[in-house]
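By convention in this document, chain letters (A, B, ...) are assigned in the order of the sequence lines, proteins followed by strands, and residues within each chain are numbered from 1.
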2 protein chains.
Amino acid sequence: MTNTTLKLLAQQLQLSISTVSRALKDHPDISTATKEKVHALANSLDYEPNAYAIQLRTQSSKIFGVIVPAIANLFYDSFIAAIEEESRKNGYALMILQSSDNPDNELNNLKIFRQNRVSGVFACLSAHTQNLDVYEKMSERDIPVVFFDIVPKENKYTKVRMADERCAVIAAENIIQRGAKRVLALFGDPALSISQKRKLAFQQFMEKYAPKTHCTYLHTNSSQEAETAFHKHIGKMQKFDTVFAMTDEILIGVMKAIQALNIKVPKEIGVISISNGFIPSLYHPNISYVETSGYELGKLAFVQMLANIKGGKTLSELTVDAKFVEGGSM
Amino acid sequence: MTNTTLKLLAQQLQLSISTVSRALKDHPDISTATKEKVHALANSLDYEPNAYAIQLRTQSSKIFGVIVPAIANLFYDSFIAAIEEESRKNGYALMILQSSDNPDNELNNLKIFRQNRVSGVFACLSAHTQNLDVYEKMSERDIPVVFFDIVPKENKYTKVRMADERCAVIAAENIIQRGAKRVLALFGDPALSISQKRKLAFQQFMEKYAPKTHCTYLHTNSSQEAETAFHKHIGKMQKFDTVFAMTDEILIGVMKAIQALNIKVPKEIGVISISNGFIPSLYHPNISYVETSGYELGKLAFVQMLANIKGGKTLSELTVDAKFVEGGSM
DNA sequence: TCTAAAATTGCAAACGTTTGCGGTAAATTT
DNA sequence: AAATTTACCGCAAACGTTTGCAATTTTAGA
């Protein structure tokens, strides 16, 4: 079946295309009578404006691009869910591409976004992206970019991210408050700035406010690694009374080990992590965690995007605050 | 900065727009010499074809729409990841919208898809969608629809889904093989056909091949409900020696209860579920499960879509097969 | 050298909108 | 009744491509 167009409506009504167009959008120039006629026919013929024609004509697309390392990820999917909601409210649609942490894909995805003339892109850098030229190219095209989560260091970009240092400090506070004597602190890939930031903040805080507490710092790149690391370190020397997991991934490994060894939480060991809350709710007792909500981050990113679109350049780095959520594991 | 267009290239090269257009796509009519010139300038000027103009002209969009109840979902996000991969390989981009299980949103999303003249849509019905007219409308527009996971009953549609009955039967087989005497079987929302199918198949198989095994069937709508149901039923009368969870959601509730009561798996109770594998891997021992891979389903859906686009109508219902994955919980 | 065929390139219409501007008829003011 | 305003509507260009066809140039055949 052929789509109904303005032209078709115009022919059937013996009107000009422009009149039909204006009638459809309640232009004051058009009389109420014709407006009604037009609307009636448009409805009965199921008229749907052709987005491409509009975008071609108006040079603006009502589509946002989103680029994440992976969609299948507890954090990113809630981020996406958030901007999807906001987008719909504001009449935008979303185009989502994943980089799989591969800079080549990243490049390609950005290209697709440019070709589709998206009105803006939400970007999470892939783990080891060095070259930001592609993003420069977006700016040249006047396409605003809001970076989230993994963001570039330079402060000429608009970025939103979690308050990484705050997260680590809040975790440290709670560990101290528990009266921990020996803590095992597990962090992620040491090459990632997020790992560095969190570790640094955590370490400094502990050394300053609880210098007598013995801390062991480890970096692990997967649940597997975390699990085996835990097994290894829990065995030798005195047992830890508290364990801190920087991410869900790490927490998962730790908890498997804890279950395997049948260690009682929180009696024999306290557990605390940084998470968006889903994984911690899987265990009994619920794991206490410092909340980093992908959902909140998404909402924040969206207002930044809107600001960028409306008010020209709004360069800034906003962070969503962290808060402690009591589980029962501390 | 103003985008470079064919017109611009043509002017600078003293060529016609059509020649430039053809040169860029290696049309045999164009001489190698001019082709090279054109490509060179296009590169240096960062020419990027305007997708909207192309789509307007060619009436085809290279975009697929995806509609899911929620992106933030272990099953759907892996489904999405799969079709995203395939799409990229085939030069398509994805437009993803979530229905939040609300038929109104579903309606609206479909509308956006139509307006954007997507080349096809992957749709998962929202839980209680009754009216399929919207999807009929897509067909009228010659937009193929591939339903996945939650699909309509009528067989005039193209659908892919998990082999629900097989899943349930495989689970039942393993339960029988374990020599279970008393099993607690937990299913999801009884209004959903997926729950009905799985329960029916499970029940029939058990009654046929293990009539002496005592089975208790329950429906729960959330992790919470599953958890309390487990607590309630494990308390009174004789303990169950095996529990079957139809979904991840249910498994989560069950496992929380099991942890709380400190019941040993698999010694005191066997656990088996239907899952894509992530949740079962979170526990020690890993939970044995019947695999329903969103990823596989995505791949399958994509070939169906391609078939539909290329070869006209290909109405059929394909299912991705289920297989048992040994954990250590049985 | 002339002609026919082959190799190149350009013209112009079309895709479906939006929108500045000009035009006509009706309503209002003098 | 003439002049002016107001209300309504249509013309046509433009957005950036693609593509059938015609036009031109080059090459080959005789």
Side-chain angles (χ1 to χ4, degrees), chain A residues 1-39 41-42 45-63 91 112 114-119 141-142, chain B residues 1-39 41-42 45-63 91 112 114-119 141-142:
Chain A
M1 192 191 111
T2 158
N3 284 316
T4 73
T5 65
L6 287 185
K7 194 204 264 187
L8 189 78
L9 295 180
Q11 284 173 345
Q12 302 224 359
L13 291 167
Q14 297 284 55
L15 286 171
S16 76
I17 293 179
S18 26
T19 302
V20 175
S21 171
R22 283 192 251 258
L24 250 14
K25 39 175 52 78
D26 258 336
H27 194 286
D29 267 9
I30 309 298
S31 72
T32 340
T34 49
K35 269 181 198 169
E36 278 168 5
K37 274 194 294 186
V38 172
H39 274 113
L41 188 65
L45 256 53
D46 257 337
Y47 169 73
E48 308 231 345
N50 183 319
Y52 296 127
I54 295 176
Q55 284 146 4
L56 178 59
R57 167 66 218 226
T58 63
Q59 302 284 61
S60 86
S61 75
K62 288 290 185 182
I63 293 182
I112 294 179
R114 283 196 308 272
Q115 296 189 349
N116 278 282
R117 304 294 193 269
V118 296
S119 334
R141 295 269 201 291
D142 287 321
Chain B
M1 191 189 112
T2 159
N3 284 316
T4 72
T5 66
L6 288 185
K7 194 204 265 187
L8 189 79
L9 295 180
Q11 284 174 346
Q12 300 222 2
L13 290 167
Q14 295 285 55
L15 286 171
S16 76
I17 294 178
S18 27
T19 304
V20 175
S21 170
R22 285 191 251 258
L24 250 13
K25 39 175 52 78
D26 256 336
H27 194 285
D29 270 7
I30 308 298
S31 73
T32 340
T34 49
K35 268 182 197 168
E36 278 168 6
K37 272 193 295 184
V38 172
H39 274 113
L41 187 65
L45 256 50
D46 256 339
Y47 169 73
E48 310 231 344
N50 183 321
Y52 296 127
I54 295 175
Q55 284 147 3
L56 177 59
R57 168 65 221 226
T58 62
Q59 303 283 59
S60 87
S61 75
K62 287 291 188 182
I63 293 183
I112 294 179
R114 284 196 307 273
Q115 296 190 350
N116 279 283
R117 304 294 193 268
V118 296
S119 332
R141 295 270 200 292
D142 288 321

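- Among the atoms of the strands shown, base atoms are found under 4.0 Å from some heavy atom of B:I17.
- C:dT17 atom C1' lies 13 Å from atom CD of B:Q115, rounded to whole Å.
- Taking 4.0 angstrom as the limit, A:S16 places a side-chain polar atom (N or O) nearer than this to OP1 or OP2 of D:dG10.
- The CD atom of A:Q55 sits 12 Å away from the P atom of C:dT17 (whole-angstrom rounding).
- Side-chain N/O atoms of B:R117 and base N/O atoms of C:dG16 include no donor-acceptor pair closer than 3.5 Å.
- Within the structure, a side-chain polar atom (N or O) of A:Y47 is placed less than 4.0 Å from OP1 or OP2 of C:dT17.
- Rounded to whole angstrom, the span from the CG atom of A:L13 across to the C1' atom of D:dC9 amounts to 14 Å.
- Formation of a donor-acceptor pair under 3.5 Å by the B:R22 side chain with backbone atoms of B:T19 is not found in this model.
- Scanning residues 28-37 of chain B for heavy-atom distances under 4.0 Å to DNA chain C yields B:D29, B:I30, B:S31, B:T34.
- Going from atom NZ of B:K25 over to atom P of D:dT17 covers 9 Å, rounded to whole Å.
- Rounded to an integer number of Å, the gap from A:L6 CG to C:dA14 P is 17 Å.
- Side-chain atoms of B:T58 come within 3.5 Å of backbone atoms of B:I54 as a donor-acceptor pair (strictly under, hydrogens ignored).
- Between B:L15 and B:A53, it is B:L15 whose nearest contact on DNA chain C lies nearer the 5' terminus.
- For A:D26 against A:K35, the heavy-atom pair with the smallest separation is OD1-CD, 3.4 Å.
- Closest approach of A:L45 and A:T4 over heavy atoms only: O-CG2, 3.1 Å.
- With A:K62 contributing its side chain and A:Q55 its backbone, the two residues share no donor-acceptor pair below 3.5 Å.
- In the set D:dC9, C:dA12, D:dT17, C:dA12 carries the atom at the smallest distance from any side-chain atom of B:S18.
- For B:R22, taking side-chain heavy atoms from C-beta onward, the closest of the listed nucleotides D:dT19, D:dC11, C:dC15 is D:dT19.
- Of the listed nucleotides (D:dC15, C:dG10, D:dT17), D:dC15 has the atom at the smallest distance from the side chain of A:L56.
- Taking the side chain to side chain donor-acceptor pair (under 3.5 Å) definition, one finds that A:S119 meets it with A:S61, sequence neighbours left out.
- Atom NE2 of A:H27 is separated from atom C1' of C:dG20 by 10 Å (rounded to the nearest Å).
- At the phosphate of D:dG16, OP1 or OP2 sits under 4.0 Å from a side-chain N or O atom of A:Q59.
- Looking at heavy-atom distances under 4.0 Å, B:T5 makes contact with sugar-phosphate atoms alone, never a base.
- Summarising the geometry, the separation between CG on A:N50 and C1' on C:dA14 is reported as 13 Å, rounded to the nearest angstrom.
- Projected onto DNA chain D by closest heavy-atom contact, B:S21 and A:Q14 fall at different nucleotides, the more 5' of which corresponds to A:Q14.
- The CG atom of B:N50 lies 9.5 Å from the CG atom of B:L56; values are rounded to the nearest 0.5 Å.
- In this structure a side-chain-to-backbone donor-acceptor pair under 3.5 Å is present from A:Y52 to B:N116.
- Following rounding to the nearest Å, A:D26 (CG) and C:dT19 (P) show an atom-to-atom distance of 15 Å.
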